[in-house]
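This report concerns only the one structure given below.
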Amino acid sequence: MFSAFSALSVRGRGAARLAAITLVSGLLAAGATVAAAGTASADEAAQNQRGATATIGGLKTYGDAVIHETDGDLQVSAGLFEMSVEGGGTLQTYCVDLYNPTQKDAKYHETDWSGTSLGANKDAGRIRWILENSYPQVNDLAELAAKAGIAAGLTEQDAAAGTQVAIWRYSDDADVDAADPQAEKLADYLENSARDIAEPAASLTLDPPAVSGRPGELLGPVTVHTNAAGATVTPPADAAMSGVRIVGKDGRPATSASNGSELYFDVPEDAAGGSADLTVQASTTVPVGRAFASESRSQTQILAGSSESTVSATVSATWAKQGAVPALSAVRNCTEGGLDITAVNQGDEEFAFELMGTEYAIAAGESRTVTVPLQEDQAYDFTITGPDGLAKRFTGVLDCRTRSSETGATTQTLSEPSPATVALPTTDVNLAETGGSATTPLIAGTAIALVVIGGAALVLTGRKQNRARD
């Protein structure tokens with residue numbers, strides 16, 4: 001549907017500029033001060049603002065596993081993490097990012113596989129099969145043990161460790177075994193039995209994530225997609241003052257929605273140019289297999305179980321009486337290794353802006369997408385401005401690869417990463433304390449960093465052996 005931006009040398013009346021890019025010096029470990037990007041009035045648009053948002057609490061049910069490396073065997077903890085959902089609810093997750101750290105109290109957002117290493121992993125569907133057919137989805141441990149041919153039975157710790165080990169073999173191509181014989185038998189059973197299953201749909205999403213148009217028009221439609229029985233519609237915060245209403249396709253005010261509902265921004269004809277956000281919230285169980293990516297540099301997780309949890313999604317609207325009227329949104333694209341920025345121009349003039357030294361233009365009535373290339377593990381923070389005070393800020397960290405996809409490099413870890421210039425390689429390491437349990441940093445030069453896997457600490461160097469599988 002969308003084509004790539006054409007790079008044009010355009011300087012016109014509707015031009016918007018990249019307002020700011022947060023910079024950081026190369027001396028991250030020395031504690032360099034980082035300036036905030038954008039303006040105070042910028043609309044902070046964190047990527048993947050849909051579904052559940054949760055804070056990781058740590059490993060809750062786990063056993064031991066052994067990673068076989070060229071330099072020797074390494075014992076780590078393997079099992080289920082627990083997350084607390086904003087607004088209420090609890091999630092259980094496994095790690096799909098073995099060689100990256102888990103940051104204490106890191107915040108996570110539900111996201112599509114395409115925004116994580118799973119997007120380029122041909123075995124991602126097998127990981128979902130493991131989740132659907134093992135603990136805790138199968139909580140009858142006697143039944144699970146019988147299917148795996150384990151006569152001695154399984155404890156919860158064995159079941160969690162065996163499941164995590166099987167997942168690591170597919171998520172990270174890791175040569176890893178469970179330390180307990182029963183857990184190892186379960187891991188082998190799950191690995192050998194796994195079949196490809198499609199990615200699950202989001203618990204709640206709004207499509208498209210941004211709309212634009214003229215005052216006096218209905219801006220939309222915005223379609224609600226959710227597995228919840230119903231959802232609450234929250235109008236813009238200043239709706240009473242601005243006169244902006246949220247209505248259904250029948251034109252009547254909408255205070256609730258369900259899967260397939262179409263919502264519109266009803267903007268008064270005499271309204272000055274401006275923008276507003278609409279939030280839809282629901283309570284539901286998040287589908288097993290949904291990915292969770294962090295706002296910082298913390299292990300990517302995949303959902304194994306969910307209580308009834310609060311989920312939400314936000315859509316923005318922009319309007320103006322004349323000129324360019326852009327709608328801006330962004331999503332991580334791990335296949336291309338960058339950030340996809342989509343611009344829709346519903347105005348009567350060209351919308352142009354500069355990004356990383358290149359000027360782009362979208363003609364009136366057109367929609368375009370451009371992929372901003374980023375380095376792996378790179379924090380980004382920049383703002384695009386537009387007419388009538390529009391300022392859209394995009395922040396996050398690109399976390400698209402597991403360490404198994406990187407060859408010939410010492411494992412390096414960012415704890416509390418700081419934003420870096422877009423497309424600038426991040427070679428320095430912040431050796432701050434990580435979020436694992438009872439770890440002591442081991443520092444031997446700038447090329448060695450502390451890695452927390454589950455609840456254990458270890459230092460890794462050199463290449464990781466690939467696990468031979470049929």
So Q301 and T93, side chain to side chain donor-acceptor pair (under 3.5 Å) or not? Walk me through it. CA-CA 6 Å; Q301 304 283 311; T93 63; 2.7 Å; yes
Results of side chain to side chain donor-acceptor pair (under 3.5 Å) for E308 - residues two or more places apart only: S283
Ignoring hydrogens and geometry beyond distance, is a side-chain donor-acceptor pair present between H225 and T205 at under 3.5 Å? no
Please walk me through it: do L80 and K60 pass side-chain contact (heavy atoms from CB on, under 4.5 Å)? CA-CA 6 Å; L80 272 174; K60 295 299 180 182; 5.6 Å; no
Report the distance from atom OG of S77 to atom CD of Q164, rounding to the nearest 0.5 Å. 10.5 Å
Given side chain to side chain donor-acceptor pair (under 3.5 Å), test Y94 with S171 step by step and report yes or no. CA-CA 11 Å; Y94 286 106; S171 66; over 6 Å; no
Could you check if a side-chain atom of L219 sits within less than 4.5 angstrom of a side-chain atom of V267, using non-hydrogen atoms only? yes
Identify the heavy atoms of G323 and D348 that sit nearest to each other, and give their distance. N-OD1, 2.9 Å
Quick one: pull up OH in Y108 and CG in L303 and give me the separation to the nearest 0.5 Å. 13.0 Å
Sequence neighbours excluded, every pair satisfying salt bridge (Lys or Arg N to Asp or Glu O under 4.0 Å) that has a member inside residues 85-95: E86-K107
Sort and list the pairs that fulfil disulfide bond (SG atoms under 2.5 Å apart) and have at least one residue in residues 273-382, not counting sequence neighbours. C334-C400
Could you check whether any side-chain heavy atom of D377 comes within less than 4.5 Å of a side-chain heavy atom of R297, counting everything from C-beta outward? yes
Check side chain to side chain donor-acceptor pair (under 3.5 Å) between T163 and all other residues, then give those that pass, not counting sequence neighbours. S134
Tell me, with the steps shown, if N259 and N227 meet side-chain contact (heavy atoms from CB on, under 4.5 Å). CA-CA 7 Å; N259 186 48; N227 65 344; over 6 Å; no
Listed by chain and number, what are the side chain to side chain contact (heavy atoms under 4.5 Å, CB included) partners of T310, not counting sequence neighbours? Q281
Not counting sequence neighbours, which residues clear side chain to side chain donor-acceptor pair (under 3.5 Å) with S329? List them please. none
Provide the closest heavy-atom pair for E262 versus Y264 in the form atom of the first, atom of the second, distance. OE1-OH, 3.5 Å
Can you tell me how far CG of L398 sits from CG of L374, rounded to the nearest 0.5 angstrom? 5.5 Å
Side chains of F265 and V244: does their closest heavy-atom pair fall under 4.5 Å? yes
For S307, enumerate each residue passing the side chain to side chain contact (heavy atoms under 4.5 Å, CB included) test, keeping only those at least two apart in sequence or located in another chain. T90, S309
Validation row: I167, V96 side chains within 4.5 angstrom (heavy atoms): yes
Residues passing the side chain to side chain contact (heavy atoms under 4.5 Å, CB included) test with V288, sequence neighbours excluded, are L131, E132, Q137
Output, in order, the C-alpha distance, side-chain angles, deciding distance and verdict of side chain to side chain donor-acceptor pair (under 3.5 Å) for E336 and T371. CA-CA 8 Å; E336 298 297 328; T371 300; 5.8 Å; no
Less than 4.5 Å apart, side chain to side chain, heavy atoms only: is that true for E69 and I67? yes
Might you point out which heavy atoms bring T116 and A293 nearest each other, and give the distance in Å? CG2-CB, 4.3 Å
Can you tell if the side chain of L339 reaches within under 4.5 Å of the side chain of I341, non-hydrogen atoms only? yes
Return the set of residues passing side chain to side chain donor-acceptor pair (under 3.5 Å) with R290 (not counting sequence neighbours), or none when no residue passes. E110, D112
List the residues meeting side chain to side chain contact (heavy atoms under 4.5 Å, CB included) with A320, not counting sequence neighbours, and say none if there are none. R214, V325, D388
Side chains of K392 and S316: is there a donor and an acceptor less than 3.5 Å apart? yes
With no hydrogens and no angle check, is any side-chain donor or acceptor of Q346 less than 3.5 Å from a backbone partner on V211? no
Going through the distances and angles, do V176 and R169 end up as a side-chain contact (heavy atoms from CB on, under 4.5 Å)? CA-CA 7 Å; V176 57; R169 291 173 183 175; 4.0 Å; yes
For F292, is there any backbone N or O sitting under 3.5 Å from a side-chain donor or acceptor partner on T111? no
Is there a side-chain contact (heavy atoms from CB on, under 4.5 Å) between S117 and R401? Walk through the geometry before answering. CA-CA 5 Å; S117 60; R401 294 182 299 191; 5.6 Å; no
The criterion is salt bridge (charged side-chain N to carboxylate O under 4.0 Å, His left out); which residues satisfy it with E366, sequence neighbours excluded? R368
Between Q103 and S294, is there a side-chain heavy-atom distance shorter than 4.5 Å? no
Hey, are the side chains of F81 and L91 touching, using non-hydrogen atoms and a 4.5 Å cut-off? no
Heavy-atom pair of closest approach, residues G289 and W113: O-NE1, 2.9 Å
Sorted by chain and residue number, the salt bridge (charged side-chain N to carboxylate O under 4.0 Å, His left out) partners of D340 (sequence neighbours excluded) come out as none
Return yes if a side-chain donor-acceptor contact under 3.5 Å exists between T342 and T369, otherwise no. yes
